[in-house]
Amino acid sequence: MSVDLEKLEAHLLKRTYIEGYTPSQADVHVFTSLNSAPDASSHPNTARWFKHIQSYEPEHKGLAGSSKAGESFTAGSAAGKEDATGEEDEEIDLFGEDDEEDAEAERVKAERVAAYNAKKANKPKTIAKSVVTLDVKPWDDETDMKALEESVRSIEQDGLVWGASKFVPIGYGIKKLQITLVVEDEKVSLDDLQEKCAEFEDYIQSTDIAAMQKL
């Protein structure tokens with residue numbers, strides 16, 4: 001069953017659906033009569049409508065209404081000829097059309113804004129994270145570095161993950177602990193973390209942020 005694309009294009013110029021203000025069986029009838037998506041360059045309104053109705057494809061069988069209004073756009077239907085005549089009469093009715101079209105445009109705009117806001121609200125929030133390299137310096141070469149590292153790693157906090165570490169010589173037989181960690185920026189304050197490290201004063205002389213990079 002073929003579809004009168006020119007007539008459909010003209011109909012959808014100022015309308016969102018074949019009939020009414022929501023997808024219906026009239027849309028499904030025309031949609032299924034098309035073999036493929038119309039060319040957007042020659043029939044932009046029909047191509048827009050086709051893509052929109054295609055998004056409802058899993059719900060097609062459950063959409064309300066009848067196919068009667070859609071039959072006026074498909075060839076070989078007596079009902080289509082009757083509807084076509086009615087459609088022509090409607091097109092030459094110049095009174096009250098502007099108000100109806102303005103209301104439809106506002107309704108469609110409101111729907112799109114509501115859909116956008118709902119999509120934005122449901123979108124998972126991106127968690128900002130940073131990779132940090134922390135230098136931890138002992139008091140002297142007699143400091144128990146193993147105990148120093150265990151003390152640092154004993155600090156547990158939501159949003160904090162300790163990573164690889166190594167001991168780096170800094171002179172006079174003294175080594176510092178260089179440890180990598182990943183933090184969630186909203187949950188972990190590096191200043192607070194350094195203050196917690198400073199509480200292990202038997203082992204730790206000072207701490208410094210050697211490097212920091214956003215993930």
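- A salt bridge does not link Lys109 with Glu106: none of the charged nitrogens is closer than 4.0 Å to a carboxylate oxygen.
- For Glu57, the CD atom is densely surrounded, since the number of other residues' heavy atoms within 6.0 Å is greater than 12.
- Distance check, rounded to the nearest 0.5 Å: CD of Gln213 to CG of Leu215 gives 7.0 Å.
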(request) Step by step, work out the side-chain contact (heavy atoms from CB on, under 4.5 Å) result for Ile155 and Trp162. (result) CA-CA 9 Å; Ile155 299 173; Trp162 295 105; 4.2 Å; yes
(request) Could you check Leu160 against Glu156 for side-chain contact (heavy atoms from CB on, under 4.5 Å), going step by step and ending with a plain yes or no? (result) CA-CA 7 Å; Leu160 168 65; Glu156 296 182 352; over 6 Å; no
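- Checking Lys51, Glu9, Lys7 one by one against Thr46, the side-chain hydrogen bond (donor to acceptor under 3.5 Å, both in side chains) holds for a single residue, Glu9.
- Checking Asp191 against Ser189 by side-chain atom types alone, no donor-acceptor pair falls below 3.5 Å.
- One distance of note links OG of Ser154 with CD of Glu149; it measures 11.0 Å at 0.5 Å rounding.
- Going from atom CG of Asp135 over to atom NZ of Lys137 covers 7.0 Å, rounded to the nearest 0.5 Å.
- Here the straight-line distance linking atom CZ of Arg107 with atom OG1 of Thr16 works out to 5.5 Å at 0.5 Å rounding.
- Using cut-offs of 30° and 60° for the angle between ring planes, the Phe31 and Trp49 rings count as perpendicular.
- Minimum interatomic distance between Leu181 and Ile179 (heavy atoms only, all atoms of both residues): CD2-O, 3.8 Å.
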(message) Let's go through Tyr17 and His52 carefully: what are the C-alpha distance in whole Å and the side-chain angles of both, what is the deciding distance for ring-ring contact (aromatic ring centres under 6.0 Å, His included) to 0.1 Å, and is it a yes or a no?
(response) CA-CA 9 Å; Tyr17 304 104; His52 181 57; 5.4 Å; yes
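- Summarising the geometry, atom NZ belonging to Lys175 is positioned 13.5 Å from atom CG belonging to Leu148; distances are rounded to the nearest 0.5 Å.
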